[in-house]
Chemist: 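To start, I am sharing the structure in question, which I have written as structure tokens.
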Amino acid sequence: SHQSQFTEYKDLIQEGDLALIWISRGNIKAVTIDAKESFNTRYGTFPHKDMIGKQYGSQIAIRTRGTGRFAFVHVLQPTPELWTLSLPHRTQIVYTPDSSYVMQRMNCGPHTRVLEAGTGSGSFSHAFARTVEKLFTYEFHPVRYEQAMLEFKEHGLLNENVTITLRDVCEDGFTIKKGDKTSATFDDEDSKELEATAVFLDLPAPWDAIHHLDKVIAQDQIVSVCCFSPCIEQVDKTIESLEKNGWANIEMVEIQGRQYESRRQMVRSIEDAMERCRDIKRRKQEGIELKRLRIEAEHKGETKPDSEPTPREPFTEKSKFNPFGKGTRVKEGDPNFKWKQVTKIESEIKSHTSYLTFATKLSDKSRRDTVVQ
Ligand code: SAM
């Protein structure tokens, strides 16, 4: 059967593969490899047949139009992280800084059975699919449901561990029965056994879905829930509903994902600073002196002073680097100067920030009657 490229890595780029083409940071495009097709960028055209047979991760180069220089892209394996950066947006999506935190916080692993609503653009669904035993995802918007279903199918996820269902979970809960609009298949059973151990709700009114959960979560294990909401008023309503429905360990966090950039900064001495101050003072005095001479000369009816004083050389030589800005540009790391290693953070936060409200529930707290030997 068709293996999902999101769960199984392969070595070589082949006809029919889904490949993610890295053009630059923040510009990654998904393509289906087809020997008859080309990938167009503003630098030029990359024929797919140049990619086929090469290793994933390879750099593909072409001569650019006009200039005749080289342009290149990298052809990468699909991963949930790269998919999140390249997928077609049909809704707001959950980004990796949030999804990775949510999954570890809910203890997701190969035995986790997840309920997710709404599916949206399927960004988080791909991350869950790689990690968990089963993902049951729900979407009430018919077009988004169809698009996500098609995408999961193309990515081989429906054959593996993903089930998508057309459903308003606030109105109708999570149970999946024969005859429902769903990708689930039924053998002898009339409804799917969900037994969820983790629940992720990214919808406007999660509080209306919470009371439906008791029917579909595992009873004898600790179940985790996470509600993803942009407004604090939503968090308030969510917490009220979680408490009313017997959820415990309620905690809200917010992820502020930032990228740290490492670079070198010039070390400036106090002597440099003092030299610079003296230099400024000297220039200022020379300026005052010149102005005074000019005014005097004008008084005497001359346009220029007889002998204009030649301005003295500034203390900091022109050719020498001025450590406080203007002047010769020094290349970062120039061995003629002293440097220290520093980190710089981005000023903008990239992830779509929402509040994450977590809680857990253990429904059946009774001890088993098994005798310990
Ligand atoms: N987490 C998704 C992702 O990473 O791509 C994005 C989810 S998007 C912000 C919210 C989705 O929930 C929308 O597609 C919306 O149609 C769906 N939705 C809203 N209310 C719903 C409900 N009651 N039942 C099912 N889906 C719902």
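This chain uses plain numbering: 1 for the first residue, then up along the sequence. Counting starts at 1 for both ligands and their atoms, following the listed order. Every heavy atom of this structure was used, including side-chain atoms; hydrogens, water molecules and symmetry mates were not.
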Chemist: Which residue and atom name correspond to the protein heavy atom nearest atom 24 (N) of ligand 1, and how close is it?
Modeler: V169 N, 3.1 Å

Chemist: Could you tell me whether a side-chain N or O of Q234 sits under 3.5 Å from a main-chain N or O of P204, the two making a donor and an acceptor?
Modeler: yes

Chemist: Based purely on interatomic distance, does F200 place a nitrogen or oxygen under 3.5 Å from a nitrogen or oxygen of ligand 1?
Modeler: no

Chemist: Using 4.0 Å as the upper bound for N to carboxylate O, is an ion pair formed by E151 and R144?
Modeler: no

Chemist: If you count the atoms of ligand 1 from 1 in the order shown, which ones are under 4.0 Å from a heavy atom of S121?
Modeler: 5 (O)

Chemist: Which of the atoms of ligand 1 are close to C170, meaning less than 4.0 Å from one of its heavy atoms?
Modeler: 23 (N)

Chemist: Give me the nearest non-hydrogen protein atom to atom 13 (C) of ligand 1 as residue plus atom name, then the distance to 0.1 Å.
Modeler: R144 NH1, 3.3 Å

Chemist: May I ask you to identify the nearest protein heavy atom to atom 11 (C) of ligand 1, giving residue, atom name and distance to one decimal place in Å?
Modeler: E139 OE1, 3.7 Å

Chemist: I need the nearest protein heavy-atom contact for atom 22 (C) of ligand 1: residue, atom name and distance, please.
Modeler: F140 CD1, 3.6 Å

Chemist: Provide the number and element of each atom of ligand 1 under 4.0 Å from a heavy atom of H141.
Modeler: 16 (O)

Chemist: Can you tell me which residue and heavy atom of the protein come closest to atom 23 (N) of ligand 1, and the distance to 0.1 Å?
Modeler: D168 OD1, 2.8 Å

Chemist: Using distance alone, decide if ligand 1 has a nitrogen or oxygen within less than 3.5 Å of any nitrogen or oxygen in D202.
Modeler: yes

Chemist: Quick check on contacts: which atoms of ligand 1 are under 4.0 angstrom from a heavy atom of R167?
Modeler: 24 (N), 25 (C)

Chemist: Which word best sums up how the rings of F200 and F228 line up, parallel for under 30°, tilted for 30 to 60°, or perpendicular for over 60°?
Modeler: tilted

Chemist: Look at the aromatic rings of H74 and F72 and report parallel, tilted or perpendicular, splitting at 30° and 60°.
Modeler: perpendicular

Chemist: Within the 4.0 Å heavy-atom shell around Q92, which atoms of ligand 1 are there?
Modeler: 6 (C), 8 (S), 9 (C)

Chemist: If you measure every N or O of L203 against every N or O of ligand 1, does any of those distances drop under 3.5 Å?
Modeler: no

Chemist: Using a 4.0 Å heavy-atom cut-off, say whether D208 meets ligand 1 through its side chain, its backbone, both or neither.
Modeler: neither

Chemist: Which of the numbered atoms in ligand 1 are below 4.0 angstrom from a heavy atom of V94?
Modeler: 1 (N), 3 (C), 4 (O)

Chemist: Quick one: does E189's side chain have a donor or acceptor within less than 3.5 Å of a partner on D187's backbone?
Modeler: yes

Chemist: Judging by distance only, is a nitrogen or oxygen of A117 under 3.5 angstrom from one on ligand 1?
Modeler: no

Chemist: Table please: side-chain donor-acceptor pairs of residues 47-60 below 3.5 Å, with sequence neighbours left out.
Modeler:
residue	atom	partner	partner atom	Å
H48	ND1	D34	N	2.9
H48	ND1	D34	O	3.2
K54	NZ	D50	O	2.8
Y56	OH	Q5	NE2	3.4
Y56	OH	D17	OD2	2.7
S58	OG	Q55	N	3.4
S58	OG	Q55	O	2.6

Chemist: Under the salt bridge (charged side-chain N to carboxylate O under 4.0 Å, His left out) criterion, do E195 and R113 qualify, and how do the steps go?
Modeler: CA-CA 7 Å; E195 292 285 297; R113 300 170 65 84; over 6 Å; no

Chemist: Parallel, tilted or perpendicular for W83 and H126, by the 30°/60° rule?
Modeler: tilted

Chemist: Assign the ring pair F358 / Y101 to parallel, tilted or perpendicular, where the plane angle (0 to 90°) is split at 30° and 60°.
Modeler: perpendicular

Chemist: Mark yes or no for whether T182, through its side chain, and I164, through its backbone, hold a donor-acceptor pair below 3.5 Å.
Modeler: yes

Chemist: Check ligand 1 against G122 and write out every atom of the ligand that is under 4.0 Å from a heavy-atom position of the residue.
Modeler: 5 (O)

Chemist: What protein heavy atom sits nearest atom 12 (O) of ligand 1, and how far off is it?
Modeler: G118 CA, 3.4 Å

Chemist: Is it the case that ligand 1 has an N or O less than 3.5 angstrom from some N or O of P204?
Modeler: no

Chemist: Below 4.0 Å, non-hydrogen atoms only: which portion of T91 touches ligand 1? Side chain, backbone, both or neither.
Modeler: side chain

Chemist: Using a 3.5 Å distance criterion without hydrogens, assess whether the side chain of E15 forms a donor-acceptor pair with backbone atoms of A35.
Modeler: yes

Chemist: Can you name the atoms of ligand 1, numbered from 1 with element, that are less than 4.0 Å from a heavy atom of T119?
Modeler: 2 (C), 3 (C), 5 (O)

Chemist: Please state whether the rings of F39 and F46 are parallel, tilted or perpendicular, taking 30° and 60° as the class boundaries.
Modeler: tilted

Chemist: Could you check whether K344 makes a cation-pi contact with Y260, meaning its NZ or CZ is under 6.0 Å from the centre of the six-membered ring and within 45° of the ring axis?
Modeler: no

